[in-house]
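Everything below concerns the one structure shown next.
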Amino acid sequence: MTSRRIDKQSASKYAGNLTHGLSEHYIYSIWRAMKVRCYNPKDGHYRYYGDKGIKVCERWLNSVESFFEDMGERPTPQHSLDRIDNDGDYYPGNCRWATRKEQMRNRSDSAFLTIEGETLTIAGWAERFGISHSLIWNRIKRGWPIDITIGQPARYKRRALP
């Protein structure tokens, strides 16, 4: 599905039965899915949202126009709606458009490390230093200090057995 740029003035041409004019725009399905996972117990994702008490702010709850006004167009079709604080509700200050990679690093079960005042996920540090996240995990489990855990390159060659 290609992205269509819609502003308030041109939205009326997509009106159909709905007054907001966004029913054919991708933003409508994103907005609707957000509400369903928070308020419909029959939805497969409800246990991760509604059951946890995640709600949609009053401004967005009954207004796809307000949601679109606050969120704007997503940068690419690969971006999707993401809550910055996974324990927080859907509201303008807690939502952004994020790639799958960004979302995977923003999970409630992600492990974070802070080194010299900078906090990243283990996957983020692994990417930065060119080592695998499993190597970092294994070093942490063995009690390595964090600075050495991240800074020490991986050994790629094994000694041959006699």
Side-chain angles (χ1 to χ4, degrees), residues 1-5 25-61 64 66-162:
M1 177 180 212
T2 57
S3 169
R4 287 185 249 174
R5 185 118 178 107
H25 193 268
Y26 71 86
I27 204 80
Y28 181 79
S29 60
I30 292 170
W31 171 78
R32 188 173 181 278
M34 169 186 67
K35 292 183 6 167
V36 166
R37 62 183 165 256
C38 290
Y39 298 105
N40 184 351
K42 293 180 181 179
D43 182 73
H45 296 101
Y46 179 80
R47 66 184 170 154
Y48 304 113
Y49 297 88
D51 263 355
K52 288 180 153 185
I54 305 300
K55 299 194 179 342
V56 177
C57 72
E58 197 172 313
R59 176 170 163 74
W60 289 357
L61 187 58
V64 65
S66 295
F67 174 72
F68 187 53
E69 188 176 298
D70 293 338
M71 291 301 298
E73 294 279 348
R74 61 186 172 178
T76 72
Q78 287 72 44
H79 284 76
S80 57
L81 186 61
D82 183 43
R83 286 174 297 120
I84 297 163
D85 172 7
N86 286 310
D87 295 324
D89 294 337
Y90 285 97
Y91 64 92
N94 193 40
C95 290
R96 65 181 175 176
W97 295 116
T99 63
R100 179 136 178 89
K101 184 177 185 179
E102 290 168 327
Q103 287 198 7
M104 291 306 293
R105 291 186 179 171
N106 189 32
R107 294 170 44 117
S108 57
D109 61 353
S110 292
F112 291 87
L113 294 176
T114 301
I115 301 171
E116 296 179 4
E118 184 176 5
T119 303
L120 293 174
T121 60
I122 288 179
W125 286 114
E127 185 176 291
R128 177 172 295 173
F129 286 96
I131 57 179
S132 74
H133 71 282
S134 60
L135 178 63
I136 293 174
W137 270 115
N138 288 331
R139 288 175 173 177
I140 289 170
K141 286 179 195 173
R142 285 189 236 133
W144 285 37
I146 297 300
D147 56 338
I148 297 172
T149 296
I150 302 296
Q152 182 74 31
R155 290 185 298 164
Y156 292 104
K157 295 183 181 177
R158 295 182 184 259
R159 290 188 286 168
L161 296 174

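- Judged purely by atom type and a 3.5 angstrom limit, Asp82 has no side-chain atom pairing as donor or acceptor with the backbone of Gln103.
- Here Met34 contributes atom CE and Ser80 contributes atom OG; the two are 13.0 Å apart, rounded to the nearest 0.5 Å.
- For the pair Arg83 and Tyr90, the cation sits on the ring face: its NZ or CZ lies under 6.0 Å from the ring centre, inside 45° of the axis.
- His45 NE2 to Arg47 CZ: the interatomic distance, rounded to the nearest 0.5 Å, is 8.5 Å.
- The two residues Trp97 and Pro75 make their nearest non-hydrogen contact at CB-CD, 3.5 Å.
- Between Cys95 and Met71, the shortest heavy-atom distance links the atoms CB-SD, 3.8 Å.
- Without hydrogens or angle criteria, Lys35 side chain to Leu61 main chain gives a donor-acceptor distance under 3.5 Å.
- To the nearest 0.5 angstrom, Glu69 atom CD is 12.0 Å from Ile27 atom CD1.
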**Report entry** Test side-chain contact (heavy atoms from CB on, under 4.5 Å) applied to Val56 and Tyr39, step by step
**Finding:** CA-CA 9 Å; Val56 177; Tyr39 298 105; 3.8 Å; yes

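- Expressed to the nearest 0.5 Å, how far OG of Ser134 lies from CZ of Arg139 amounts to 10.5 Å.
- Side-chain contact between Arg37 and Asp43 is present, with heavy atoms from C-beta onward closer than 4.5 Å.
- The number of heavy-atom neighbours closer than 6.0 Å to CD of Glu118, taken from other residues, nucleotides and ligands shown, is above 12.
- The side-chain heavy atoms of Trp125 and Thr149, taken from C-beta on, include no pair separated by under 4.5 Å.
- A pairwise comparison of heavy atoms in Ile84 and Gly93 identifies CD1-O, 4.0 Å as the closest pair.
- What you find for Ser132 and Ala126 is that their closest heavy atoms are C-CB, 3.8 Å.
- Trp137 contributes no side-chain N or O that, together with a main-chain N or O of Ile122, makes up a donor-acceptor pair within less than 3.5 Å.
- Residues Tyr26 and Pro77 have side chains not in contact (no heavy-atom distance under 4.5 Å, counting atoms from C-beta outward).
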Query - Trace of the side-chain contact (heavy atoms from CB on, under 4.5 Å) decision for Leu135 with Phe129 - result: CA-CA 11 Å; Leu135 178 63; Phe129 286 96; over 6 Å; no

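- In this structure, Ile54 CD1 and Asp87 CG are separated by 6.5 Å, a value rounded to the nearest 0.5 Å.
- In this structure, the side chain of Asp89 does not engage the main chain of Tyr91 through any donor-acceptor pair within 3.5 Å.
- For the pairing with Thr76, the side chain to side chain donor-acceptor pair (under 3.5 Å) check across Arg74, His79, Glu73 returns one residue only, His79.
- Considering CG of Asn40 and CZ of Arg32, their distance stands at 9.0 Å, rounded to 0.5 Å.
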